[in-house]
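Please read all numbers here as calculations on a predicted model, not as lab measurements.
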Amino acid sequence: MGLEIERKYLQVNLQTLRQTLVDNGAHCLGAHFECNWVFDTSAGGLVTGGQLLRLRSQLWQDKTRYLLTLKLPVLQSGGFKMREERETEVADGAAMRSILEGLGYIVAARYEKIREPWRMDTVEVELDVLPFAEVVELEGRAQDIESVERRLNLDNAEISTKSYHELHQEWLRQNHKPEQLSFVFDEAQREHWRTLLGLTDRAATNPASTRQS
């Protein structure tokens, strides 16, 4: 259990940012392919109540990790997105999904991204590539985020406290596309990223996705 405090930054050149991170003594924790399943009641009660129930898989060359997360309603404070987060690692993603579905939850949405996490002092710097955008996210204490933001020249970028779901909905509207909740890579994009990340066919097969969403 903990309080998640974060900011997102849009329209950032990731290659330039990588060099700035290195120049500031940050270190990369290893990029990975990330799959997310958002669960809700059939009536949509969790989303309506501002909660997020998510099962996430993170795929590296040599391992796969599963996380079950519950996020409580968002609190906005001083230009930061803040919310209580309860998270635990689970050993078997498919079994956890089966449990959630057995309790009556359904998969309300899916989304994928490539996440490249860096650590700079006490702040987590996430370089995220999504099917519709590239976004940088800083997470840590508010004063530490502001310090790292300045050192990385992110204070000149467009700052957002919106969720990826909200950013995706904006992107759909701006590009005159039909509304949809999920955002995943197409097969060509997925294969491209699997190759870049060195994922084998076995590593790319995710046990938590054995059922159709």
*Asks:* For K162, I'd like to know if atom NZ has over 12 heavy atoms of other residues, nucleotides or ligands within 6.0 Å.
*Replies:*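 Not more than 12 within 6.0 Å, no.
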*Asks:* Could you tell me which residues satisfy side chain to side chain donor-acceptor pair (under 3.5 Å) with R150, sequence neighbours excluded, listed by chain and number?
*Replies:*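 R150: no side chain to side chain donor-acceptor pair (under 3.5 Å) contacts found.
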*Asks:* Taking 4.0 angstrom as the limit, do D121 and R141 come out as a salt bridge?
*Replies:* no
*Asks:* Ring of F185, cation from R190 - is the NZ or CZ under 6.0 Å from the centre and inside 45° of the axis?
*Replies:*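 Verdict for F185: no cation-pi partner in R190.
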*Asks:* What are the two closest heavy atoms between S160 and L10, and how far apart are they?
*Replies:* CB-CD1, 4.2 Å
*Asks:* State which residues pass side chain to side chain contact (heavy atoms under 4.5 Å, CB included) with A133; sequence neighbours excluded, sorted by chain then number.
*Replies:* V135
*Asks:* Out of R7, R115, K113, K81, which residue meets the salt bridge (charged side-chain N to carboxylate O under 4.0 Å, His left out) rule with E137?
*Replies:* R115
*Asks:* Is it true that, when you exclude Y105 itself, more than 12 heavy atoms of the residues, nucleotides or ligands shown sit nearer than 6.0 Å to its OH?
*Replies:* no
*Asks:* Do the side chain of T64 and the main chain of W60 share a donor and acceptor less than 3.5 angstrom apart?
*Replies:* no
*Asks:* Ring-plane angle category for F183 and F132, please: parallel below 30°, perpendicular beyond 60°, tilted otherwise.
*Replies:*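 Perpendicular.
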*Asks:* With T41, which residues qualify under side chain to side chain donor-acceptor pair (under 3.5 Å), at least two apart?
*Replies:* none
*Asks:* After noting the C-alpha distance and the side-chain angles of Q58 and Y66, does the key distance pass the side chain to side chain donor-acceptor pair (under 3.5 Å) rule?
*Replies:* CA-CA 6 Å; Q58 300 168 310; Y66 301 100; over 6 Å; no
*Asks:* On a heavy-atom basis, which atom in A157 and which in V12 lie closest, and how many Å separate them?
*Replies:* CB-CG2, 3.9 Å
*Asks:* CD of Q143: more than 12 outside heavy atoms within 6.0 angstrom?
*Replies:*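 More than 12 heavy atoms, drawn from other residues, nucleotides or ligands, come within 6.0 Å of this atom.
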*Asks:* Checking side-chain polar atoms at under 3.5 Å, does E116 have a donor or acceptor matched by the opposite partner on W118?
*Replies:*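 The answer is yes; a qualifying pair exists.
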*Asks:* May I have the step-by-step check of salt bridge (Lys or Arg N to Asp or Glu O under 4.0 Å) for E84 and R86, ending in yes or no?
*Replies:* CA-CA 7 Å; E84 186 178 326; R86 303 173 185 179; 2.9 Å; yes
*Asks:* If you take all heavy atoms of P117 and G30, which pair is closest and at what distance?
*Replies:*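 Between these two residues, the closest heavy atoms are CD-O, 3.3 Å.
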*Asks:* Does the side chain of Y111 come under 3.5 Å of the side chain of E34 through a donor N or O and an acceptor N or O?
*Replies:*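 On atom types as modelled, these side chains do not qualify, holding no pair under 3.5 Å.
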*Asks:* Does a salt bridge link K8 with E6, judged by any charged N lying under 4.0 Å from a carboxylate O?
*Replies:* yes
